[in-house]
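Structure, as structure tokens:
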Amino acid sequence: MTGPAGTNWAGNHTFRAVRLEHPASTEELADVVARERRVRALGSRHSFTDLADTDGVLVSLERMPADVVVDDERRTVTVAAATRYGELAVELHRSGWALSALASLPHISVAGAVATGTHGSGDAVGSLAASVRELELVGADGAVRSVRRGDPDFDGSVVGLGALGVVTRLTLDVEPDFAVRQDVFRGLSLDRVRDGFDELSAAAYSVSLFTDWTSGLADAWLKSRSTEPPAPPEGTSAATGPVHMLAGADPAAVTQQLGVVGAWHERLPHFRIDHTPSRGAELQSEYLLPRAGVGEAVEGLRGLAARMAPLLQVCEIRTVAADDLWLSSSHGRDVAAFHFTWVLDPAAVAALLPRVEDVLLPLGGRPHWGKCFAAGPADLAPLYPRWGDFAALREQVDPERVFGNAWLDRVLGG
Ligand SMILES: Cc1cc2nc3c(=O)[nH]c(=O)nc-3n(C[C@H](O)[C@H](O)[C@H](O)COP(=O)(O)OP(=O)(O)OC[C@H]3O[C@@H](n4cnc5c(N)ncnc54)[C@H](O)[C@@H]3O)c2cc1C
């Protein structure tokens, strides 16, 4: 660890905060926020930029007890902000409940994932943020307030980028516990992805396609809420052993495949909680665009394959259902998400991203807030119908920019 607050998970950003504090209660947190000129909340450090950083004090809520409270009548769970999805999922499964979606890794904090619009995959599956029903947060004046679904500011507050306050507890929708099987099919042609994406993404509850763009082929990971085997996508054959999406990586790190039916939380994520997710040495980017643009995006990225090859570990294509959250990358539209796992070479990746964005931004691609992108406010504002409303909400709840930082200045602009 370098500096008082260390680095992010990928190690490509060293936090500049002057201090990292660990309040153990909402009262202790409220004292820090009321006292300090600048504060930012730190989750589990899995975003790839200076997004969480501050020139003031970082607060980690990891010492606050998870205090998981399930309400069977309302079908909700309420949990402390720093709780990791993996920990929450075990508790839910034990009491007969489930979340509709999980990201590829269960290691991330609930509040950090929600603040950036983190998602899994599925035509009918919303982002992790879309399941939020209520937030409790400490505002810029140190006062605790709650925002509930249906309140005027709710849709602006959920994907909040840490700019509206420090979230202390979240209430999420739950559904009855369900079983999942995961099957991997190999040899899917990229022509088929271009011309028949809707059929492919509808082949299971949650579908992920992985390609490096150079081979002309993809793998299809199908997560089904059925005990019956899914039909293999045309031209593919079922994997005969467990598959990691990254060449040369140990398949022991991925969740159970080969059609073995079992618990939702041990199959919806790609990675097991007791292993390093993905490669570890990497950067990531992702752009979420209206589904009608998939064919053009596939052709555009195939055209960039040789340029991307030295830097690209793998690309993943997923889907996310529309929601109403103002800064959500699926706000108002069903989307296809094009994710890139790059090698850990920040300068080279930064130089390449404008070329990737030349392909994906004109198709309406919105960057994942927690990953690397080059676009600035002039590119981003037209992509979000409620951009101005978010700026107004921020002005109302944090006029002194207690929760401001360099990332927000750069990305949201004045
Ligand atoms: C290996 C790997 C795989 C990934 N897979 C996926 C994936 O499948 N899908 C996907 O969408 N994303 C994915 N991501 C991205 C990841 O989900 C996001 O970066 C997410 O924000 C990480 O959450 P965190 O808790 O680490 O947040 P941090 O990086 O710690 O913080 C992110 C933001 O959340 C804010 N925040 C954190 N806690 C609070 C709080 N209590 N109150 C207010 N704001 C808060 C921070 O201030 C900051 O702005 C992946 C990342 C990695 C490293």
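As the structure lists them, so they are numbered: ligands from 1, and atoms in each ligand from 1. By convention here, the first residue in the shown sequence is residue 1.
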Indicate the ring-plane relationship of [X] and [Y], choosing parallel, tilted or perpendicular according to the 30° and 60° boundaries.
{"X": "Y205", "Y": "F178", "value": "perpendicular"}
{"X": "W9", "Y": "F48", "value": "perpendicular"}
{"X": "H244", "Y": "F271", "value": "tilted"}

For ligand 1, is there an N or O atom under 3.5 Å from any N or O atom of [X]?
{"X": "P277", "answer": "no"}
{"X": "V167", "answer": "yes"}
{"X": "G43", "answer": "yes"}
{"X": "E282", "answer": "no"}

**Request:** List for me each residue that meets side-chain contact (heavy atoms from CB on, under 4.5 Å) alongside R194, sequence neighbours excluded, and say none if there are none.
**Result:**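 Partners of R194 under the side-chain contact (heavy atoms from CB on, under 4.5 Å) test: D191, V298, E299, R302.
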
Taking the minimum heavy-atom distance to [atom], which of [options] ranks first?
{"atom": "atom 7 (C) of ligand 1", "options": "H270, Q284, R318", "answer": "R318"}
{"atom": "atom 6 (C) of ligand 1", "options": "A337, S121, S104, S329", "answer": "S104"}
{"atom": "atom 53 (C) of ligand 1", "options": "F403, W9, W407", "answer": "W9"}
{"atom": "atom 31 (O) of ligand 1", "options": "A81, A129, A111, S47", "answer": "S47"}
{"atom": "atom 44 (N) of ligand 1", "options": "S208, G370, A113, G162", "answer": "G162"}
{"atom": "atom 43 (C) of ligand 1", "options": "G165, G280, G160, A115", "answer": "G165"}

Return yes if a side-chain donor-acceptor contact under 3.5 Å exists between [X] and [Y], otherwise no.
{"X": "H119", "Y": "E286", "result": "yes"}
{"X": "S278", "Y": "E282", "result": "yes"}
{"X": "Q256", "Y": "R267", "result": "no"}

**Message:** Suppose we screen for side chain to side chain donor-acceptor pair (under 3.5 Å). Which residues come up paired with S131, at least two apart in sequence or across chains?
**Reply:**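 Scan of S131 (side chain to side chain donor-acceptor pair (under 3.5 Å), adjacent residues dropped) gives none.
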
Ligand 1 atoms in contact with [X] (distance to a heavy atom under 4.0 Å):
{"X": "F48", "answer": "51 (C), 52 (C), 53 (C)"}
{"X": "A41", "answer": "36 (N), 37 (C), 38 (N), 39 (C), 40 (C), 41 (N), 42 (N), 43 (C), 44 (N), 45 (C), 46 (C), 47 (O)"}
{"X": "S109", "answer": "25 (O)"}

**Shortest non-hydrogen separation from S328 to Y384 and the atoms involved** =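 Shortest heavy-atom contact: O-CE2, 3.7 Å.
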
